[in-house]
Amino acid sequence: MIDIRIIRENPEEFRRRIATKGVDAPVDVILQKNEQRRALITEVERIKAERNEGSKQVARTRDATERNALIAEMKGLGDKISALDDQVRQVDEALNDLLLGIPNLPDEDVPVGPDETANVVTSEGGPEREFSFTPRPHWELAEELGIIDFERGVKVAGTRGYVLRGDGAKLQRALIQWMLDVHTTRHGYSEIEPPLQVLSEMLVGTGNLPKFADTLFHDAEEDKWLIPTAEVPITNLYRDEILPGELLPIYHVAATPCFRREQISAGRDVRGIKRVYQFHKVEMVKFVRPDKSDEELKRLMSEALYVVDRLGLKYHVLDLSTGDMTFGSAHTFDIETWAPGSNEWLEISSCSNFRDFQARRANLKFRPEGGGRPQFLNTLNGSGLALPRVMIAIIENYQREDGTIQIPVALRPYFDGRDTIGKQPVFGPSAHIADV
RNA sequence: GGGGAGGUGGCCGAGCGGUUGAAGGCGCUCGCCUGCUAAGCGAGUAUGGAGGUAAUGCCUCCAUCGAGGGUUCGAAUCCCUCCCUCUCCGCCA
C-alpha cells in the first residue's frame, strides 16, 4: 500500500513516477476521497465529543426535567453520528479499494522502460560450457532417462502435469536440502515450514490480491487460497505485531510447493517443466529496518548467486525496468541462467525490495530500540532458487553425449558420492538402492 | 459435526449499564535512596485516526476490552451473528 501522504504531498511527482510502471493512477479521485474522509471524520468526532460530554452530564444531573431534556438532545446527536459514521465507512472503503489497486513506486534508480526490453544486464558470470555435440533439451533427456514422466503427469493432474521419478525426484530433493543447508548455515536464515493454504487477507498483504486473483488457486467455500510462493505465508507471519527493534533483521527461508494458475498461452513454453502449475521453490524473506533495505537487497542477491555459483551455472543478472517489475516491488533483480538445450535464459531467481509496501498492507511494524513510535519495517524476498528451472539448467548443462547427467559436485554428498544420473528402471527399486 | 467453559492493556487479573482507556499485581523505563550484585520510594509505561502547531515533538479530540451488528442519552458491561482457545463426545491421516 502506498502511503497516501506521498500522493498528497506531491501529486504530480507521484503521477509521473507511477506512470513509469505503466499505471495511470486515479490521483484526483484519491485526493478528493481523502479530503472528503478527513472532513467527515472531523465533523463526526466533533459531534461525538459533544455527545460524550452530554452523556456525562446526564449521569450528574439530579433534576428529572433537566435530565430528560438533555437525553432528548443527545438522542438527536446519536442519529447524526450514525449517519456520518456510515458515510465515513463508505468513503474509507472506496479509498481503500483505490489504494490497494496502486502498485508500489519504483526506486529512482530503476531503469525506466515499458517492458522487459528495457531491462539492463548488470553482471554476468559462471562457466562457459563447450559441447562436442549438440546439447539437447531437458524434456528429451529427462524423458529418456525416466526421471521426468510427462505423460503420466498429465494423466493424473491434467495439462502441464509432470512426475519426477527416481533420481529425478532425488535430484530435486537434494537441491532443496542443500539450498536450505546453505541458507540456514552460511547465510543466517532460520527455516520455516509454513501453511500452503492461506486466508485471503494474507494475499492482500503481499499484493497478490485484490488484483491478481485469476492467477491463484482458490477454495471458494472455505475462502482459502493455495500459496503461489512461500513469500505469502512468511511475509504475513508477524502481521499485526510490533516487533522489538533489536530482533531485526529477521531472515527466514522455506522450501514449499508453489501453485500458480497461470494462463499459459498455447504454443509457448509448452515443452518441459519451465512453466507449470505446481513447483517447488526455496524462498528467502527478510524483515529489515527501512534504512537497511538497500544493502539487504544486495546481500539477498549475493546469497542467491552463491547457490548459482556453487552449481557451476552460467548466469546474468537483470535490473528489471519499471515496466517489467511486479506490482509490489520497488526494485527487482532477476537472475537468469543459460539453458544450452532449450537455448534460452531461464529466470531462476527474482530478488525484490518491497520497502514498506507490504508492511503497510500486512501491518508489520517494529519499535525502534530505546523506545519511540512503532514504524513500518521493510520486506524483501528472493528465490534461492526455483526448482524446476534449476533442474532444467542442471540437466541441460551437465548432460553428456550418451544422455546421462553428471551430478554437480555440491550435490554429490546427497547421492552417496555418486556422480552420474543414468537411465532409471521404470518399475521396481531404484537402480542404486544397493548403495544405501 | 454435537455439548460445556471462556476470550479485557507486554503478561496475570478485577470490573458485568454512567468521571473505567479500563482497579490491583507483575514486567519494563526514568529518577531518588541505599556502601554493595537485594530491598525500598516516586513517576511513567497501548495502538490507530482527525485537528491545531514550524515540527515524526507538544496539545485537543475520536475510536479500540476477540470481530461485526443491535438496544441505550450513555456498553468492557445487555441482545444477536461470526471467529478463536480450552474441554467432553463423535470422526479421522
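Just so we're on the same page: letters track the sequence lines, and every chain starts at 1.
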Does the side chain of A/Arg46 get closer than 4.0 angstrom to OP1 or OP2 of B/rA50 through an N or O atom? no
Need one value for A/Leu77: base, sugar-phosphate or nothing, where a base atom within 4.0 Å counts as base even if backbone is also close, heavy atoms only.
nothing
Would you check if there is a donor-acceptor pair between the side chains of A/Glu191 and A/Thr184 at a distance under 3.5 Å? no
Remember a base hit wins even if backbone is also touched, and classify A/Arg89 as base, sugar-phosphate or nothing at under 4.0 Å, heavy atoms. sugar-phosphate
Can you classify the ring geometry of A/His187 versus A/Tyr189 as parallel (below 30°), tilted (30 to 60°) or perpendicular (above 60°)? perpendicular
Under a 3.5 Å limit on both distances, the Watson-Crick or wobble mate of B/rC82 is B/rG66
- Message: Applying a 4.0 Å non-hydrogen cut-off, can you work out what A/Arg60 is touching in the nucleic acid: base, sugar-phosphate, or nothing?
- Response: nothing
query = Quantified in whole Å, what is the C1' atom distance between nucleotide B/rC12 and nucleotide B/rG7?
reply = 15 Å
For B/rG1, the nucleotide meeting Watson-Crick or G-U wobble distances (both under 3.5 Å) is B/rC89
OP1 or OP2 of B/rG10 versus the side-chain N and O atoms of A/Arg367: is any pair under 4.0 Å? no
Whole-Å distance, A/Ile81 CD1 to B/rC73 C1', equals 10 Å
Rounded to whole Å, NZ of A/Lys365 lies from C1' of B/rG48 at a distance of 7 Å
- Message: Using the P atom as the point on both nucleotides, what is the distance between B/rA43 and B/rA23, in whole Å?
- Response: 15 Å
A/Lys48 atom NZ is separated from B/rU60 atom P, nearest whole Å, by 20 Å
*Whether A/Glu396 side chain and A/His138 backbone form a donor-acceptor pair below 3.5 Å*: yes
Any strand, both distances under 3.5 Å, Watson-Crick or G-U wobble: B/rC73 pairs with B/rG18
Answer for the Watson-Crick or wobble partner of B/rU53, both distances under 3.5 Å, is B/rG57
Rounded to whole Å, CD of A/Glu43 lies from P of B/rG49 at a distance of 21 Å
Review point. Can A/Glu12 and A/Arg15 be said to form a salt bridge (Lys or Arg N to Asp or Glu O under 4.0 Å), step by step?
Key: CA-CA 5 Å; A/Glu12 286 322 304; A/Arg15 210 194 296 270; 3.3 Å; yes
Of the candidates B/rC62, B/rC73, B/rA50, the side chain of A/Ala49 sits closest to B/rC62
Notebook entry, point to check: Are A/Arg38 and B/rG51 close enough that a side-chain N or O sits under 4.0 Å from OP1 or OP2?
Noted result: yes
From the candidates B/rG18, B/rA50, B/rG48, the one with an atom nearest any side-chain atom of A/Arg373 is B/rG48
Report task. Looking at every strand, decide which applies to A/Ile41 at a 4.0 Å heavy-atom threshold: base, sugar-phosphate, or nothing. Result -> sugar-phosphate
Paired to B/rA23 by Watson-Crick or G-U wobble criteria (both distances under 3.5 Å) is none
Here the distance between atom P of B/rA50 and atom CD of A/Glu35, to the nearest Å, is 11 Å
Separation of B/rA63 atom P from A/Arg51 atom CZ, nearest Å, is 7 Å
Using a heavy-atom cut-off of 4.0 Å across all strands, would you classify A/Asn52 as base, sugar-phosphate, or nothing? sugar-phosphate
Considering only heavy side-chain atoms of A/Ile242, the closest of B/rU47, B/rG18, B/rG49 is B/rU47
With sequence neighbours left out, the residues meeting side-chain hydrogen bond (donor to acceptor under 3.5 Å, both in side chains) with A/Asp97 are none
With a 3.5 Å cut-off and heavy atoms only, can you find an N or O donor on one side and an acceptor on the other between the side chain of A/Glu45 and the base of B/rG51? no
To the nearest angstrom, the CG-C1' distance between A/Leu40 and B/rA63 comes to 16 Å
Between the protein and nucleotides 76-79 of chain B, list every N/O to N/O distance that falls short of 3.5 Å.
none

Applying the 3.5 Å cut-off to both distances, the Watson-Crick or G-U partner of B/rA39 turns out to be none
- Task: Check whether any side-chain nitrogen or oxygen of A/Lys56 sits under 4.0 Å from OP1 or OP2 of B/rG18, and answer yes or no.
- Result: no
A/Asn34 CG to B/rG51 P, in whole Å, measures 8 Å
